[in-house]
Structures are given as C-alpha cells and as structure tokens.
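Keep in mind that the numbers below use all heavy atoms, side chains included, and drop hydrogens, waters and symmetry copies.
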Amino acid sequence: MSVDLILPCLNEAAALPWILERLPSGVRALVVDNGSTDGSAEVAESLGATVVRCDTKGYGAACHAGLEAARTEVVAFMDADASLDPRQLVRVTAPVIAGHADLMLGRRRPVSRAAWPWHLRLANAELSRRIRRRTGARLRDLGPIRAARRTALLELRLTDRRSGYPLETVVRAADAGWRIAEVDVDYLPRSGRSKVTGTPLGAARAVLDMSKVLAR
C-alpha cells in the first residue's frame, strides 16, 4: 500500500535532501512549506517531492494542510529536521496498514545524548504521564512520527493549529476508542534549532498549547 508522508517544514533546506533520498518504496513526500525563507520549497521540488503551501503559521496548521492534501488511505507525519530516519517509517505504518492499530506513534530512542537533552526528556516524560492519566493509552512518548488512516483522522475534526496538534490527535483518538500503540524508532541529532523547544518563547507556547488540550 502506498503512503503519503506529511513533512511540516519551516526552513529545513539543509535536512530535506537526506530525508527525501531515504524514502522507502511506495512513500510519497508531501512537504508542507510553512513560510520558509531558505529555499526549502525549491529544494523539495527539485528532489521530486510534492510541495503544499500553508500560509497559516503553526506546526498544527502545516500538519493539517498536509492531511487535507494527502490522497492515500494511510498517511504518516514526520518532522523534516532529519531527527528521524525515513527508512524506519515502515515500523510505524505497517501496523496501521495491517489493521493491528488505528494510531501508531514512534517512541524515540536517542542514539546519543546530544540527540535529546535531559531537560526535554524530562518534560516529555511528564507529558506522557499526563497523557496516560487522561486517555488510558499506554504511551511513553508523544513522538513526532505517527501514522493513521486519513479519513479517520479527518473525522476527528482536530482544531489545534500550533504545538498541541499531535497531543490533540492522541486525546481525540483515545476518546473515539481507537487502538493506539507505539514502536521504537531511532532519534538522531536534529538539523538546526527546534522551532518549538529551541527558544524559551517556543517552549512556553508549546506548554500552553498542550495544557489547553489536556484541559478540554
């Protein structure tokens, strides 16, 4: 089965070649350009990816624009910063394609300390604990790689357009009775600085966005 891989992108021109050259067979890349100024869209197009323009700022806005543009039955999301290896995408998509899971997430396993600083691991552990308490889903990571069926995702009617989008996906899926699971994937040192946790303001916004989702 073919899969559309949605890659929300903001100034990832340096990382895109490595990602796009490692796509598994049957995977089409949808690079959702969220206002890049470094030529990311042109790089993606030159390497054969489909570029989707998203003028509304925000990680969730880019993800949802990609979801609406996708055409395959099963879709996947992955960060475009080279922190995840597309060759491991099948670990996340295969259980959904086989019908063993409705929402599959990649649990990050850092290959080095530099890949995932201790303070971000600690924050993720606390977030995961709150997710388990809120949803009952046995998750240890709200990882940036996930897969599900496109139509079912659209039916969740996700509204967050910023950092809370992945969390809202899990919460709404759990409330809908979806089978949610996770599998280990390698986590590599990212290319460039994180748009979400790379600055104090970005981190504060992420905490606020996710707190709002959990409070609903």
Side-chain angles (χ1 to χ4, degrees), residues 1-94 96-97 104-106 108 110-112 114-116 143-151 153-154 158 161-163 165-166 169 185-199 202:
M1 181 182 292
S2 59
V3 172
D4 278 348
L5 175 61
I6 299 162
L7 295 159
C9 174
L10 177 59
N11 294 329
E12 302 290 5
L16 284 172
W18 183 85
I19 294 171
L20 296 176
E21 71 181 10
R22 298 172 74 83
L23 292 180
S25 176
V27 175
R28 180 179 72 138
L30 295 180
V31 176
V32 186
D33 187 65
N34 201 208
S36 298
T37 57
D38 67 345
S40 290
E42 291 74 18
V43 169
E45 287 177 338
S46 72
L47 294 171
T50 298
V51 174
V52 178
R53 309 283 178 172
C54 178
D55 295 330
T56 303
K57 295 295 185 181
Y59 175 80
C63 285
H64 207 73
L67 178 62
E68 292 178 331
R71 293 294 177 263
T72 54
E73 181 179 350
V74 172
V75 297
F77 300 82
M78 191 178 77
D79 283 359
D81 58 9
S83 62
L84 297 157
D85 190 343
R87 292 181 180 177
Q88 296 184 356
L89 184 65
V90 66
R91 300 183 186 180
V92 181
T93 57
V96 177
I97 292 172
M104 200 74 190
L105 293 90
R108 291 169 286 185
V111 300
S112 68
W116 204 3
I145 180 172
R146 55 200 179 279
R149 296 191 180 274
R150 176 180 175 273
T151 301
L153 282 172
L154 288 170
L158 303 174
R161 294 296 180 263
R162 299 202 309 183
S163 308
Y165 190 87
T169 302
V185 294
D186 292 342
Y187 194 48
L188 314 171
R190 57 163 291 125
S191 172
R193 186 173 65 176
S194 172
K195 314 302 186 301
V196 176
T197 58
T199 66

Exercise. Apply side chain to side chain contact (heavy atoms under 4.5 Å, CB included) to S40 and V31, showing your working.
Key: CA-CA 9 Å; S40 290; V31 176; 5.8 Å; no
To the nearest 0.5 Å, what is the distance between [atom1] ([X]) and [atom2] ([Y])?
X	Y	atom1	atom2	value
M78	L7	CE	CG	5.0 Å
L67	L30	CG	CG	10.0 Å
T169	H64	OG1	NE2	9.5 Å
L84	L89	CG	CG	9.5 Å
R108	D186	CZ	CG	13.0 Å
D85	S83	CG	OG	10.5 Å

If you take all heavy atoms of [X] and [Y], which pair is closest and at what distance?
X	Y	answer
L20	A29	CD2-CB, 3.5 Å
G60	Y165	CA-CB, 3.5 Å
S112	P189	OG-CG, 4.0 Å
R150	A70	NE-O, 2.8 Å
F77	C63	CE2-O, 3.5 Å
V51	A41	CG2-O, 3.6 Å

Quiz item: After noting the C-alpha distance and the side-chain angles of E68 and L154, does the key distance pass the side chain to side chain contact (heavy atoms under 4.5 Å, CB included) rule?
Solution: CA-CA 8 Å; E68 292 178 331; L154 288 170; 4.3 Å; yes
Measure from the side-chain N and O atoms of [X] to the backbone N and O of [Y], and report whether any donor-acceptor pair falls under 3.5 Å.
X	Y	result
D81	A15	no
N34	L10	no
R71	A69	yes
R161	K57	no

Any side-chain heavy-atom pair of [X] and [Y] under 4.5 Å:
X	Y	answer
C9	L16	yes
P17	V43	yes
V111	Y187	no
R149	V96	yes

Return the set of residues passing side-chain hydrogen bond (donor to acceptor under 3.5 Å, both in side chains) with [X] (not counting sequence neighbours), or none when no residue passes.
X	value
R91	none
R28	D4
T72	none

Quiz item: side chain to side chain contact (heavy atoms under 4.5 Å, CB included) between N11 and S36: does it pass, once the steps are laid out?
Solution: CA-CA 5 Å; N11 294 329; S36 298; 3.4 Å; yes
Quiz item: Given Y59 and D79, is the side chain to side chain contact (heavy atoms under 4.5 Å, CB included) satisfied, shown in steps?
Solution: CA-CA 10 Å; Y59 175 80; D79 283 359; 3.5 Å; yes
